[in-house]
Structure formats: C-alpha cells, structure tokens
J.: 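Handing you a structure now.
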Amino acid sequence: MKKKLIIFFLAVPLLIMIYFLTYEEKYTYLAIGDALAKGHTPFDTYSTSYVDYLYDYLKNTHHNITLNKDFVDEDLRIKDLTSLITNTKNEANNLPQLIKEANIITISIGSEELFSKLRSNNNINNNLNYTFIDDMFKDLKILIKEIKKLNKNPIYIIGYYSPINSNEKNKDDIKNLFDYIDKKFYDLEKDNVYYIDINEGFTRNSSFLPRTNNAFPSLEGYSFISNKIIEKIES
C-alpha cells in the first residue's frame, strides 16, 4: 500500500509537469468580411484571400490556431454586421460569442458599398461622394465600438483602394478622395484597433488589379494585403 502511495505522489507532479510542458494555449483568428476576405478574383472565381495568407503566417507562431470564416460573405454590409453583433435574441447567431473568444480579428467591410457609389458618380469630386464616406465611417465607428465591447484584443481593419482607372483628368480627384478616406481610417486607430493602408500599394502596382473592368485583386494583391497586416503585427 505504501509503495502505491509513493508511486502515486511521485507520478502526480510528473504528470502535471508534462501537461504544462506540452500544453499549448488555443489561439483563434476570426476573419470577418466581404468579397476581399472571401478571395474574389478578377476572373469572378474564388481563390486564396489575404485571410488565408495571414493564417499561414500565424500558424508558424501559434501551432494550436483555429481560423473561423463563418462570417465572411460576399454581400456583407457594415450595418448588416453591426446588426448581427447587437442582435443577441437570435440563438442561431453565434457572432458575438466568436468575437469574445477571438485572439485576433481582421475586418474588410464596406468596399462594395463604396465601389458602387463611386461607379454611380462620374464626377469623383462630387460632394455626394464625401457625404457618403462620412456616413460610412459613422457606421464603421459604431461597428468597431460594438466589437470592442466584446473583445479588447487586436482588430485589424483593411482599408480601401481605388477601383477607378486613373487618367490625367481624374488622378488628383482620386488622390484627394482616398487621402480623405485614409484620414477617416486613421481616426479609428485606438484601443488596439489598427488600420491597414493598402491604397498606395494598389495605386503603384497595376498587377494587383489586372482587369480594368473588374475591381477584385489578383493573388499578388491579396498577398500584399496580408503582408501589410503582418508588418503591423510585427511592429
């Protein structure tokens, strides 16, 4: 009996030590977003998105990592997302819980709304565009506020790039508009919220948007977005 007790008291600390040496904390990456998060290509197919590239990077440092893309949807809009977070009465909606559990969150939302607005206004410098952007960012602030109520961990919000072909007549107007958008995004940066500025990279690299009649990125474009997030994480 004494031998069994001695073996037991020796084994328990050893098992505890082995547990802590081998235990790896669960790490969750929650991707939320629209067509960019889904990987919509210039050829109207779906492929590797910035989410997938970033997940591959995170797996190098967090081996016990889970990626959740349940709330990546081509047609997701800013107000739709806010409603999903605040609507706690719908038992089938688990987004609030997923946000609570996430160690890192990336969001790309609103680009389709912005692109549709810019396509409908031939004059880029139209005041309606600026008013629309102001309203968009009011909605984005509400969205970020609701997410931060549930989670204080880092949130990386992906910016916008111009879907409009630049020429000598409109290039200054496009630059001014997207400088304005950048400022709005930088105003969101607080309490572990980080803005990923991608417009300049897309402006300089035509290979990121290979089809003039399609605003979705190439794989190079998606890789670039991922690398910009990684730069922010590592900084």
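Any value given below was found using the heavy atoms of this structure, including those in side chains, with hydrogens, waters and symmetry copies removed.
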J.: Quick one: does Leu81's side chain get under 4.5 Å of Ile32's, heavy atoms only?
T.: yes
J.: Whether the side chain of Asp191 engages the backbone of Lys148 through a donor-acceptor N/O pair (distance < 3.5 Å, no angle test) should be reported.
T.: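 Not a single qualifying donor-acceptor pair exists.
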J.: Can you tell me how far apart NZ (Lys145) and CG (Leu150) are? Round to the nearest 0.5 Å.
T.: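 These two atoms lie 13.0 Å from each other.
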J.: Could you see if Phe202 belongs to whatever hydrophobic cluster contains Phe115? Use Ile, Leu, Val, Met, Phe, Trp, Tyr and a side-chain cutoff under 4.5 Å.
T.: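 Yes; tracing contacts between hydrophobic side chains, which count when under 4.5 Å, links both residues.
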J.: What residues, two or more places apart in sequence or in another chain, satisfy side-chain contact (heavy atoms from CB on, under 4.5 Å) together with Asn199?
T.: Tyr161, Ser162, Phe178, Asp197, Thr203
J.: Checking Lys183 against Asp179 for the salt bridge (charged side-chain N to carboxylate O under 4.0 Å, His left out) test, could you report, in this order, the C-alpha distance in whole Å, the side-chain angles of both residues, the deciding distance, and whether it holds?
T.: CA-CA 6 Å; Lys183 183 181 181 304; Asp179 284 348; over 6 Å; no
J.: Check the pair Phe132, Met136 against side chain to side chain contact (heavy atoms under 4.5 Å, CB included), reporting the backbone distance first and the verdict last.
T.: CA-CA 6 Å; Phe132 179 81; Met136 271 188 68; 3.3 Å; yes
J.: State whether the side chain of Asp139 and the backbone N or O of Ile78 hold a donor-acceptor pair below 3.5 Å, judged by distance alone.
T.: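 Not a single qualifying donor-acceptor pair exists.
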J.: Applying side-chain hydrogen bond (donor to acceptor under 3.5 Å, both in side chains) to Tyr57 and Glu234, what does each step give before you reach the verdict?
T.: CA-CA 11 Å; Tyr57 162 81; Glu234 292 182 344; 3.1 Å; yes
J.: Hey, does the side chain of Asn153 reach the backbone of Ile105 with a donor-acceptor pair shorter than 3.5 angstrom?
T.: no
J.: Do Phe216 and Arg211 touch side chain to side chain, with heavy atoms closer than 4.5 Å?
T.: no
J.: Does Arg204 form a salt bridge (charged side-chain N to carboxylate O under 4.0 Å, His left out) with Glu200? I'd like the steps, not just the answer.
T.: CA-CA 6 Å; Arg204 291 181 175 180; Glu200 186 177 352; 2.5 Å; yes
J.: Do Val72 and Leu84 share a hydrophobic cluster, counting only Ile, Leu, Val, Met, Phe, Trp and Tyr and linking them when any side-chain heavy atoms are less than 4.5 Å apart?
T.: no
J.: Is a donor on one side and an acceptor on the other found under 3.5 Å between the side chain of Thr61 and the backbone of Leu58?
T.: yes
J.: Using side chain to side chain contact (heavy atoms under 4.5 Å, CB included), reason through Ile196 and Ile157 one step at a time and then give a plain yes or no.
T.: CA-CA 6 Å; Ile196 308 302; Ile157 184 162; over 6 Å; no
J.: Going from CD1 on Ile174 to CD1 on Ile164, what distance comes out if it is rounded to the nearest 0.5 angstrom?
T.: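 Answer for the CD1-CD1 pair, Ile174 versus Ile164, is 5.0 Å.
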J.: Aromatic ring centroids of Tyr53 and Tyr222 under 6.0 Å?
T.: no
J.: Go through the steps to decide whether Lys232 and Glu189 satisfy the test salt bridge (charged side-chain N to carboxylate O under 4.0 Å, His left out), and finish with yes or no.
T.: CA-CA 12 Å; Lys232 188 72 76 170; Glu189 280 202 317; 3.7 Å; yes
J.: Decide side chain to side chain contact (heavy atoms under 4.5 Å, CB included) for Ile85 and Asn93; before the verdict, give the C-alpha distance in whole Å, the side-chain angles of both, and the deciding distance to 0.1 Å.
T.: CA-CA 8 Å; Ile85 295 169; Asn93 171 27; over 6 Å; no
J.: Do Ile142 and Tyr186 sit in the same hydrophobic cluster, where Ile, Leu, Val, Met, Phe, Trp and Tyr count as joined when their side-chain heavy atoms come under 4.5 Å apart?
T.: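 Different clusters.
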J.: Without swapping roles, check the side chain of Asn68 against the backbone of Leu30 for a donor-acceptor pair under 3.5 Å.
T.: no
J.: Would you mind telling me which of Tyr156, Tyr194, Tyr29, Tyr55 makes a side-chain hydrogen bond (donor to acceptor under 3.5 Å, both in side chains) with Thr106?
T.: Tyr29
J.: Any carboxylate oxygen within less than 4.0 angstrom of a Lys/Arg side-chain nitrogen, looking at Asp187 and Lys141?
T.: no
J.: Are Pro42 and Leu209 side-chain neighbours, meaning at least one heavy-atom pair lies under 4.5 Å?
T.: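 In short, these two side chains do not touch, never coming nearer than 4.5 Å.
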J.: Using a 3.5 Å distance criterion without hydrogens, assess whether the side chain of Thr28 forms a donor-acceptor pair with backbone atoms of Ala102.
T.: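 Here the side-chain-to-backbone pair does not exist.
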J.: Classify the ring geometry of Tyr195 against Phe185: parallel below 30°, tilted from 30° to 60°, perpendicular beyond 60°.
T.: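 It falls in the parallel class, under 30°.
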J.: Please test Tyr50 against Asp52 for side-chain hydrogen bond (donor to acceptor under 3.5 Å, both in side chains), starting from the C-alpha separation and ending with a verdict.
T.: CA-CA 5 Å; Tyr50 73 86; Asp52 304 302; over 6 Å; no
J.: Tyr130 and Asn176: side-chain hydrogen bond (donor to acceptor under 3.5 Å, both in side chains), yes or no, with the steps?
T.: CA-CA 10 Å; Tyr130 284 86; Asn176 291 337; 5.6 Å; no
J.: Checking side chain to side chain contact (heavy atoms under 4.5 Å, CB included) for the pair Asn151/Asn192: CA distance, chi angles, key distance, verdict?
T.: CA-CA 10 Å; Asn151 192 317; Asn192 245 0; over 6 Å; no
J.: Would you list the pairs meeting salt bridge (Lys or Arg N to Asp or Glu O under 4.0 Å) in which at least one residue belongs to residues 55-68, sequence neighbours left out?
T.: Asp56-Lys59
J.: Do Ile230 and Ile198 share a hydrophobic cluster, counting only Ile, Leu, Val, Met, Phe, Trp and Tyr and linking them when any side-chain heavy atoms are less than 4.5 Å apart?
T.: yes
J.: Report yes or no: does Ser218 contribute a side-chain atom to a donor-acceptor pair with the main-chain N or O of Ser207 at less than 3.5 Å?
T.: yes
J.: Mark yes or no for whether Asn205, through its side chain, and Gly201, through its backbone, hold a donor-acceptor pair below 3.5 Å.
T.: yes
J.: Under 3.5 Å, side chain of Arg77 to main-chain N/O of Asp75, donor-acceptor pair present?
T.: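 Yes.
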J.: Is Thr66 close to Lys26 at the side-chain level, that is, under 4.5 Å between some pair of heavy atoms?
T.: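 Side-chain contact under 4.5 Å: yes.
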J.: Tell me whether Thr86 contacts the main-chain N or O of Thr82 through its side chain, where contact means a donor paired with an acceptor under 3.5 Å.
T.: yes
